[in-house]
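Taking it in order: structure first as structure tokens, then the write-up.
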Amino acid sequence: AAQMLAPLGSMVVLVPCKQFFGRLYKRFHALHQVKIKLFTMGDISRWADHAGLELIEAKEVPVFSIVAKLKPITKIFAY
């Protein structure tokens, strides 16, 4: 994901969170054969690290989502 962003670019993601209303959301979609993955803040952080992204900010938004802002990891080289 990091390779797709401009060096100073950022990305915002909105994902369903793993809590009561998130589980209701997942069950509703399962009735229509749609698979939904629910996330925790820790999941977002691990996904960002794996993708070469830095988690700038994340918060839960009513009623069943997490919104997160990510940017490419800035590499600082020491000589």
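These numbers were taken from a predicted model, which means no experiment stands behind them.
Atom CD of residue E54 and atom NZ of residue K69 lie 11.0 Å apart, to the nearest 0.5 angstrom.
Note on residues 43-73: pairs passing ring-ring contact (aromatic ring centres under 6.0 Å, His included), not counting sequence neighbours, are Y25-F64. For the salt bridge (charged side-chain N to carboxylate O under 4.0 Å, His left out) condition, no pair includes a residue of residues 10-27, sequence neighbours left out.
Looking at residues two or more places apart in sequence or on another chain, you find a salt bridge (Lys or Arg N to Asp or Glu O under 4.0 Å) between K59 and E57. In this view, F21 satisfies the ring pair (Phe, Tyr, Trp, His ring centres under 6.0 Å) rule with no residue, not counting sequence neighbours. In terms of the salt bridge (Lys or Arg N to Asp or Glu O under 4.0 Å) criterion, D49 has no residue partners (sequence neighbours excluded). Contacts of T40 classified as side chain to side chain donor-acceptor pair (under 3.5 Å), with partners at least two apart in sequence or in another chain: D43. A search for side-chain contact (heavy atoms from CB on, under 4.5 Å) contacts involving L55 returns I44, S45, A58, A68, L70, not counting sequence neighbours. Every residue was checked against the side-chain contact (heavy atoms from CB on, under 4.5 Å) condition with L31, not counting sequence neighbours, and none meets it. Every residue meeting the side-chain contact (heavy atoms from CB on, under 4.5 Å) condition with A51, not counting sequence neighbours, appears here in chain and number order: A1, L53.
More than 12 heavy atoms of other residues, nucleotides or ligands sit less than 6.0 Å from atom CG of L14.
The shortest heavy-atom contact between G9 and P72 is O-CD, 3.3 Å. Residues K37 and P16 come closest through the heavy atom pair O-CG, 3.4 Å. The two residues A2 and G52 come nearest to each other via the heavy atoms CB-O, 3.3 Å. Nearest heavy atoms, L5 versus S10: CD2-O, 3.7 Å. Nearest approach of G22 to L38, heavy atoms of both residues: O-CD2, 3.5 Å.
Apart from I73 itself, the hydrophobic cluster it occupies contains nothing, where clustering links Ile, Leu, Val, Met, Phe, Trp and Tyr at side-chain heavy-atom distances under 4.5 Å. Residue F28 belongs to no hydrophobic cluster, having no ILVMFWY side-chain heavy atom closer than 4.5 Å to its own.
The hydrophobic clustering, which links ILVMFWY residues whose side-chain heavy atoms are closer than 4.5 Å, places V67 and F39 apart. Cluster annotation: F20 is connected to V63 through the hydrophobic network of ILVMFWY side chains, with a link wherever side-chain heavy atoms come within less than 4.5 Å.
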